[in-house]
Amino acid sequence: MLLNILMIVGGIALVLWGADRLTDGAVGIAERLCIPQIIIGLTVVAMGTSMPEFCVSLVSAVKGTPDLAVGNVVGSNVFNTLLIVGVASLVAPITILRTTVRKDIPFAVMASAWLVIICGDGTLSRFDAATMFFLFLAFMYISVKGAMGEGAKKQATDGTMSGESEENEEGRKRVPLWKSVGLIVLGLACLVGGSNIFVEGATEVAAALGVSDAVIGLTVVAMGTSMPELATTVVSARKGNSGIAIGNVLGSNVFNILMVLGLTGIICPMTIQGITQVDFTVLVGSMILLWLFSFTKLTIQRWEGAVLTIIFMVYLVWLIVNV
């Protein structure tokens, strides 16, 4: 048991460290190719923070534990929406843009609802997964197209191009291309290796304790793979970067459902048994509640953050009691 717990902790650490290296390398290459920072944030950084969920879910599905794979995504999104946003808004109220309320949050709600609908028959077929991945590509196209328009306006205003200097927009020296490639390779290796170690340990612990793969995925695995989002969101809120804070959560939720489960389901169709209607209801309900809270003065206030946090704690207790 002790060895399996060490495998879980070590696997999480390796996955998170690998995701960090992968993101650094990808951002370095993107900057070398003169890609605007806003597009880097929407694509490279968002994918980087979702890599732990993707690798753990894919390895879980391939190894025959689909409930762990789906539970990881459902649990991560509930963790993101309720606890991360809740804690971040307790640190500092989060201001939300009108475009986020009108476009980003509704899309995240839609993605959550679509997952519940297609999993209603207890399976995630390749066709189901393909529809999710298609929605992900549409989301990325719309987001990047909008970001490119904003980036072009900014570039025209500044009259400069990021590629003309060996420094990036923050004034830091650009990472050499060879180092960026090396970081990507190293990051991928750590993600794959850490995911295997983590899933192996989590599965053994679940079997030893008589706990289902779904519950392990909804709790331990979900919290472990959501650590990058927690750190990024809380730090952003504390520094007053509300847009980054809420954008990180929404982007991660969309990526987790449409990209992570979309690709995982295409590679390995799954039969889902341990994820209950309560879990799916909390998933969709938490996003709708966040949407409703965002309408109040376009701000997630401290009392609203407290409500989100309390709901998460109640849900967590419900999972533990039902085990």
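Just so we're clear, the structure is a prediction, and the values are computed from it rather than from any experiment.
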Check the hydrophobic clustering (I, L, V, M, F, W, Y; side-chain heavy atoms under 4.5 Å; chains of links allowed) and say if [X] and [Y] are grouped together.
X: Ile272; Y: Ile267; answer: yes
X: Ile197; Y: Leu58; answer: no
X: Ile94; Y: Ile310; answer: no
X: Phe134; Y: Met132; answer: no
X: Val278; Y: Leu218; answer: yes

Pair up each side-chain donor or acceptor in residues 1-15 with any protein partner under 3.5 Å, not counting sequence neighbours, and list the distances.
none

Can you list every pair that meets side chain to side chain donor-acceptor pair (under 3.5 Å) and has a residue in [range], with sequence neighbours left out?
range: residues 260-278; answer: Thr276-Asp279
range: residues 282-291; answer: none
range: residues 120-133; answer: Trp114-Thr131, Asp121-Thr123, Ser125-Asp128
range: residues 299-309; answer: Thr296-Glu304

ask   = Can you list the residues that meet the side chain to side chain contact (heavy atoms under 4.5 Å, CB included) rule with Leu316, with sequence neighbours excluded?
value = Thr219, Met223, Phe312, Ile320
message = Ile288: which residues meet the side chain to side chain contact (heavy atoms under 4.5 Å, CB included) condition with it, sequence neighbours left out?
response =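 If we apply the side chain to side chain contact (heavy atoms under 4.5 Å, CB included) test to Ile288, skipping adjacent residues, the hits are Val109, Val284, Leu292.
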Roughly how far, to the nearest 0.5 Å, is [atom2] of [Y] from [atom1] of [X]?
X: Tyr315; Y: Leu82; atom1: OH; atom2: CG; result: 9.5 Å
X: Ile184; Y: Arg21; atom1: CD1; atom2: CZ; result: 12.5 Å
X: Ser294; Y: Leu289; atom1: OG; atom2: CG; result: 10.0 Å
X: Leu263; Y: Phe136; atom1: CG; atom2: CZ; result: 7.5 Å
X: Ile300; Y: Thr95; atom1: CD1; atom2: OG1; result: 9.5 Å
X: Met259; Y: Leu135; atom1: CE; atom2: CG; result: 14.5 Å

What closest approach, in Å, do [X] and [Y] show between heavy atoms, and which atom pair accounts for it?
X: Gly75; Y: Ala222; value: C-CB, 3.3 Å
X: Ala69; Y: Ala61; value: CB-N, 4.1 Å
X: Ala129; Y: Gly262; value: CB-O, 3.2 Å
X: Leu283; Y: Val78; value: CA-CG2, 3.8 Å
X: Leu90; Y: Ala306; value: CD2-N, 3.9 Å

task = Output the rest of the hydrophobic cluster of Trp17: all Ile, Leu, Val, Met, Phe, Trp and Tyr residues reachable through side-chain heavy-atom contacts under 4.5 Å, sorted by chain and number.
result =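 Noted: Trp17 shares its cluster with Leu186.
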Is the shortest heavy-atom distance from the side chain of [X] to the side chain of [Y] under 4.5 Å?
X: Met287; Y: Leu250; value: yes
X: Ile275; Y: Cys119; value: no
X: Asn80; Y: Asn256; value: yes
X: Val307; Y: Phe293; value: yes
X: Val56; Y: Ser60; value: yes

inquiry  = For the CZ atom on Phe127, are there more than 12 heavy atoms of other groups (residues, nucleotides or ligands in this structure) within a distance under 6.0 Å?
reply    = no
query = side-chain contact (heavy atoms from CB on, under 4.5 Å) between Leu308 and Thr81: does it pass, once the steps are laid out?
reply = CA-CA 8 Å; Leu308 293 173; Thr81 307; 5.5 Å; no
task = Using the test ring pair (Phe, Tyr, Trp, His ring centres under 6.0 Å), find all partners of Phe107 that sit at least two apart in sequence or belong to another chain.
result =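 Phe107: ring pair (Phe, Tyr, Trp, His ring centres under 6.0 Å) contacts with Phe139.
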message = Suppose we screen for side chain to side chain donor-acceptor pair (under 3.5 Å). Which residues come up paired with Thr65, at least two apart in sequence or across chains?
response =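 Thr65: no side chain to side chain donor-acceptor pair (under 3.5 Å) contacts found.
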task = Not counting sequence neighbours, which residues clear side chain to side chain donor-acceptor pair (under 3.5 Å) with Ser57? List them please.
result = Asn72
note = Residue pairs passing the salt bridge (charged side-chain N to carboxylate O under 4.0 Å, His left out) test with at least one member in residues 61-86, sequence neighbours excluded, are Lys63-Glu200
N/O donor-acceptor pair under 3.5 Å between Asn77 side chain and Asn253 backbone = yes
